[in-house]
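Worksheet: the structure to be examined is printed underneath.
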Amino acid sequence: MPKTPLHPAPPAMEANDVAIVGGGTVLWFVGFVVLLPFQHALSAHGHGQWPWICLSGGLLGLIGLWYCRARRAAIQRDRAAQQA
């Protein structure tokens with residue numbers, strides 16, 4: 001089989017990571033608020049951990065937001081340093 005020529009890799013796509021992670025974080029907190037009134041019924045059926053899983057997801061999402069904002073700032077600083 002003949003070798004195909006190698007093409008250069010395309011440039012990396014930049015997405016709005018803060019918006020993506022923020023949306024997911026909001027959904028986790030919404031899930032927590034929605035499930036919290038049903039805690040007793042969920043516990044009776046063996047699913048009492050579901051609201052707390054949602055709360056954990058929301059809190060971890062806050063860490064992810066902090067990371068994404070720090071990463072975006074570092075990228076902007078690097079671009080500014082390269083242009084100077």
Side-chain angles (χ1 to χ4, degrees):
M1 174 175 266
K3 284 189 167 186
T4 59
L6 296 178
H7 299 283
M13 290 179 56
E14 284 295 324
N16 190 353
D17 298 338
V18 175
I20 294 168
V21 174
T25 302
V26 167
L27 289 175
W28 280 113
F29 281 126
V30 167
F32 173 70
V33 170
V34 168
L35 289 175
L36 199 56
F38 302 104
Q39 175 66 30
H40 181 69
L42 288 169
S43 295
H45 291 93
H47 301 294
Q49 72 274 15
W50 285 5
W52 310 115
I53 291 171
C54 291
L55 181 62
S56 299
L59 294 174
L60 288 172
L62 292 177
I63 295 170
L65 277 173
W66 172 81
Y67 174 80
C68 287
R69 291 185 67 194
R71 178 182 176 273
R72 181 174 59 184
I75 290 171
Q76 289 173 350
R77 281 193 308 269
D78 184 56
R79 285 183 184 156
Q82 286 178 356
Q83 290 177 355

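For the residue pair Gly64 and Val21, the shortest heavy atom distance occurs at C-CG1, 3.8 Å. Across Leu65 and Val18, no two heavy atoms sit closer than the pair CD2-O, 3.5 Å. Across all non-hydrogen atoms, the minimal contact from Pro51 to Phe32 is O-CD1, 3.0 Å.
No path of Ile, Leu, Val, Met, Phe, Trp and Tyr side chains, each step under 4.5 Å between heavy atoms, connects Val30 with Val33, placing them in separate hydrophobic clusters.
In this structure, the ring of Trp50 has its center no less than 6.0 angstrom from the ring center of Phe38.
You'll find the side chain of Trp52 stays beyond 4.5 Å of the side chain of Leu35, heavy atoms only. A 4.5 Å side-chain heavy-atom check between Val34 and Phe29 finds every atom pair outside the cut-off.
To the nearest 0.5 Å, the span separating NE2 on His47 from CD1 on Ile53 amounts to 10.5 Å. Rounding to the nearest 0.5 Å gives a distance of 10.0 Å between OG1 of Thr25 and CD1 of Ile63.
Salt bridge absent: Arg72 and Asp17 never bring a charged side-chain N and a carboxylate O closer than 4.0 Å.
Side-chain atoms of His45 come within 3.5 Å of backbone N or O of Ala41 as a donor-acceptor pair. Between the side chain of Gln39 and the backbone N or O of Gly48, at least one donor-acceptor pair lies under 3.5 Å.
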